[in-house]
Amino acid sequence: MENNPELYAMRHSLAHIMATAIVRLWPNVKLGVGPVVENGFYYDIDLGKQQLSEDEFDRIEGEMKKIIAEDQQFEHETKSIDEAIAWAKEAQQPYKLELLNDLSRAGTTVAKDLDTVELGLQADKDSKVSEVSFYRNGGFLDLCRGPHVESTGRVGAFKLMRVSGAYWRGKDTNPQMQRIYGLGFASEEELQAYIARLEEAKKRDHRRLGQELDLFVISPLVGAGLPLFTPRGTVLRDELARYSQQMLKEAGWQNVWVPHIAKQDLYEVSGHWAKFGDEWLKVESQETDDKLVMKPMNCPHHQQIYGSRQRSYRELPLKYMETTTVYRDEKAGELLGLARVRSITQDDSHTFCRPDQIHSLMSNLVEIVREFYSVLDLPLKVRLSFRDDADSYLGDQKLWDHAQQILKEVVDSAGMKYYIGEGEAAFYGPKIDFIATDALGRELQVATPQLDFVQPERFGLKYTDEDGQEKTPVMVHFALMGSIERFLAAYIEHTAGRFPVWLAPEQIRIIAVTDQDAVASFAKKLQDQANKLGLRATIDMSNESVGKKIRNAELMKVPYSVVIGEKEVESGEVQPRIRKDIEVNTDHSAHTIDEFLKTVANEAKSRATKTSL
RNA sequence: GCCGAAGUAGCUCAGGGGUAGAGCACAUCCAUGGUAAGGAUGGGGUCACGGGUUCAAAUCCCGUCUUCGGCUCCA
């Protein structure tokens, strides 16, 4: 979008036109900000006690069309900051007034907010602003950097999409405004094409595929955000967890096991208790007065294992791993299929090391991430999640700076593209977040190595160094998939359910043409042989036409289907039907049962995932 | 948690103040079938739940729960 200034200006202008329309319809509206976003624009508005619903979109769109037909010129003007403040007061626009006051005072609108960027209030950090830029169209004047199109008649095609709540300046302690989103494209064709793409993306929605492919269910009796995995879905979980653990195991990590509940005291020491006030699922004991909670993370438990005896520098790095479920009382509105749940299975690990080992350990982890995600063919963005100047972080600022420097070096030397997310760090240290996207482009944080200088200190963890001195180890948190649930959400949408052979819940479907004994026993023989090779094969003996059974196998995205009838019984050979995306990279010319099964087994073993999706 | 939308059969949905419909799925039977839907018959719903309005509520109103799109938070 940045590389299409024309479209950017159209969308930005549409935001103004929508604001103009809303002011016409509700003259008392208080306006927030109205930036351009991917595929369109939004404007934040506050109508006091009145709440807008989507029912009003027709009216708003109608008014916008009038404004577009009026073809009003967009005129740029500048005002001194004092004039601008006087304007905001006069116009009774408290949100604009707040922005202008901040600008006048500090030169920026309280750092890092999108305000300066999106509103286009150009100002060097720390310098006061003396002039601000405005745009006028018809009777509507708005604080804005621009650019805009020449006139309201030149904004292309648009459609209002939805209304949602949005906190003023993104802070949940601020009043909540209503955010109206619209799509904006250069032409009606492009708008319609985008809407069609959205519909396509919805077909990849993991919740839909989870139902269609029989992978997981959510039962109202069990509870919201507590997914249950069917046999098929469990194959995916188990295979992925096995692969993830195998990679860590090969790199020297050892399995540990901890219970799923703990006393509240544990988290008071770790620092989590104060930090995560409302996420605890409390457990009531009828025997003791201990206050117990479901574990929402594993690090404090794992640290108790480390701390259970004296440690020498010779033991470090000490590497623990465990794939285990943690529980968080996520708020109802925050749940999202598998992407955001309350029972979170982490392929977690905690490594205790000396400061001089951090760099190589982190590099090692970054390489593991790289390999895992390249095998799974899942693209990732890399974010260095650093602290900002809020006071919610624990630990020494110098250590933080040092740690952040190390993370930067690690991704630099790995040659990775990354961006820095200020204020995205954990309370105990900075992290590298690897981020996947779902079918609709929503970001899902998956793998994450995190540095921690705080918790080992709080738990009094020590090791005896070469020089006989007791020192505090550094802890590295690391999850390769992050959570299996969230990973699956991204992965199911990425593959559209066409899993590579090694992950496919059902690898071979044997379709019996008839239920004659000879056919049935041949099918059974094929299945037994497949099972012996560790392959997952099922037989379809159902009372349906062959065409129907093939269709069913296709719909379930089974990689290999084999039709078994008299012909096969006689010749002893099979003609596999191969899912299109798999056919592209493996030779499947063999037809005897042994050859066929060997090909499939090799495919599964190689974890080949090159697909033509 | 907040703003908006929605909840009708296992699934996808239609209907709508006068005690419910389709397709698929499921079951039974017929058909012995050859690489993406063979045919017939049948079972299945307190129309999310709880209140209210009404002679009458699945339909209108209120509340709760759950789901969806965002915001905040996050693996």
Side-chain angles (χ1 to χ4, degrees), chain A residues 37 42 44-47 51-57 161-181 202 205 207-208 211-212 214 217-221 223-225 276-279 296-298 325-326 328-348 385 424 426 431 433-436 440 442-448 450 477 479-487 489-490 511-516 519 543-555 561-568 575-578:
Chain A
V37 292
Y42 68 75
D44 284 350
I45 63 165
D46 181 356
L47 285 170
Q51 300 292 351
L52 224 57
S53 91
E54 288 171 21
D55 297 342
E56 317 286 354
F57 281 5
M161 284 302 279
R162 54 178 169 259
V163 56
S164 78
Y167 298 105
W168 168 236
R169 299 171 93 170
K171 285 192 68 175
D172 61 3
T173 48
N174 281 342
Q176 189 170 49
M177 309 182 73
Q178 285 195 293
R179 177 168 297 175
I180 304 180
Y181 285 92
K202 281 185 193 157
D205 188 312
R207 290 161 295 195
R208 177 175 172 155
Q211 144 77 20
E212 288 174 3
D214 189 23
V217 294
I218 290 173
S219 153
L221 276 177
F276 299 105
D278 49 1
E279 284 201 15
M297 65 282 300
N298 306 307
T325 306
V326 298
R328 299 182 189 174
D329 197 12
E330 302 286 347
K331 301 298 163 255
E334 291 169 340
L335 300 174
L336 178 70
L338 290 184
R340 193 74 185 272
V341 293
R342 296 200 292 171
S343 53
I344 305 160
T345 307
Q346 300 178 323
D347 55 339
D348 210 1
S385 295
E424 301 287 350
K431 48 184 185 161
D433 285 318
F434 293 91
I435 298 168
L440 291 173
R442 286 181 291 223
E443 297 193 336
L444 297 174
Q445 183 190 320
V446 285
T448 172
Q450 316 182 348
H477 307 245
L480 181 46
M481 282 184 278
S483 96
I484 298 186
E485 291 81 12
R486 175 173 292 182
F487 177 88
I511 294 170
V513 177
T514 69
D515 57 4
Q516 293 160 2
V519 172
N543 208 5
E544 297 288 348
S545 64
V546 173
K548 181 66 169 287
K549 293 190 206 184
I550 286 161
R551 180 166 194 270
N552 288 340
E554 289 281 347
L555 290 175
S561 343
V562 184
V563 175
I564 302 295
E566 279 178 28
K567 221 166 67 184
E568 286 72 21
Q575 286 244 322
R577 184 185 167 99
I578 303 153

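Just so we're on the same page: letters track the sequence lines, and every chain starts at 1.
Residue A/K202 contributes atom NZ, which lies 9 Å from atom P of B/G69 at whole-angstrom precision. Whole-Å rounding puts the A/D205 CG to B/U67 P distance at 14 Å. We find that CZ of A/R551 is positioned 18 Å from C1' of B/G34, with the value rounded to whole Å. Distance A/D55 CG to B/G4 P: 11 Å, rounded to the nearest Å. For the pair A/K549 NZ and B/G34 C1', the interatomic distance rounds to 11 Å; values are reported in whole Å. One can place CG of A/L221 at 12 Å from C1' of B/A48, the figure rounded to the nearest angstrom. Atom P of nucleotide B/G38 and atom CD1 of A/I550 are separated by 11 Å, given to the nearest angstrom. One interatomic measurement links the two molecules: CD1 of A/I180 to C1' of B/G69, which rounds to 14 Å at whole-angstrom precision.
Under the side-chain hydrogen bond (donor to acceptor under 3.5 Å, both in side chains) criterion, the residue pairs touching residues 336-348 of chain A are A/R237-A/T345, A/S244-A/D347, A/N298-A/Q346, A/N298-A/D348, A/T325-A/T345, A/D329-A/R342, A/E330-A/R340, A/T345-A/E485, with sequence neighbours excluded.
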Checklist entry - Which letter, B, S or -, goes with each nucleotide of nucleotides 70-75 of chain B from 5' to 3', with contact meaning a protein heavy atom under 4.0 Å? => result BBBBBB

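Separation of the P atoms belonging to B/G45 and B/G63 is 31 Å when rounded to the nearest angstrom. Look at the P atom in both B/A14 and B/A9: the space between them is 12 Å, to the nearest Å.
A/G547 comes within contact range of the sugar-phosphate backbone alone, with a heavy-atom separation under 4.0 Å but no base atom that close.
A salt bridge is absent between A/E424 and A/K431: the closest approach of a Lys/Arg side-chain nitrogen to an acidic carboxylate oxygen does not fall below 4.0 angstrom.
The base of B/G34 lies close enough to the side chain of A/E568 for a donor and an acceptor atom to sit less than 3.5 Å apart.
A/E279 meets the salt bridge (Lys or Arg N to Asp or Glu O under 4.0 Å) test with no other residue; sequence neighbours excluded.
With distances taken from any side-chain atom of A/S545 to the nucleotides B/G4, B/G34, B/A37, the minimum falls on B/A37. In this structure, of B/G34, B/U32, B/U66, it is B/U66 that holds the atom nearest to the side chain of A/A224.
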What nitrogen or oxygen pairs link the protein and nucleotides 23-28 of chain B at under 3.5 Å?
residue	atom	partner	partner atom	Å
B/A25	OP1	A/K548	NZ	2.9

Do any N or O atoms of the protein come closer than 3.5 Å to N or O atoms of nucleotides 63-65 of chain B, and which pairs are they?
none

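How far CG of A/D44 is from OG of A/S164: 8.0 Å, rounded to the nearest 0.5 Å.
No more than 12 heavy-atom neighbours from other residues, nucleotides or ligands sit within 6.0 angstrom of CD on A/E566.
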Checklist entry - Could you write out RNA chain B as a dot-bracket string, with dots for unpaired bases, | for bases paired across to another strand, and Watson-Crick or G-U pairs counted at under 3.5 Å? => result ((((((((.[[[[.)..(..]]]].(((((.......))))).....[[[[[..)....]]]]])))))))....

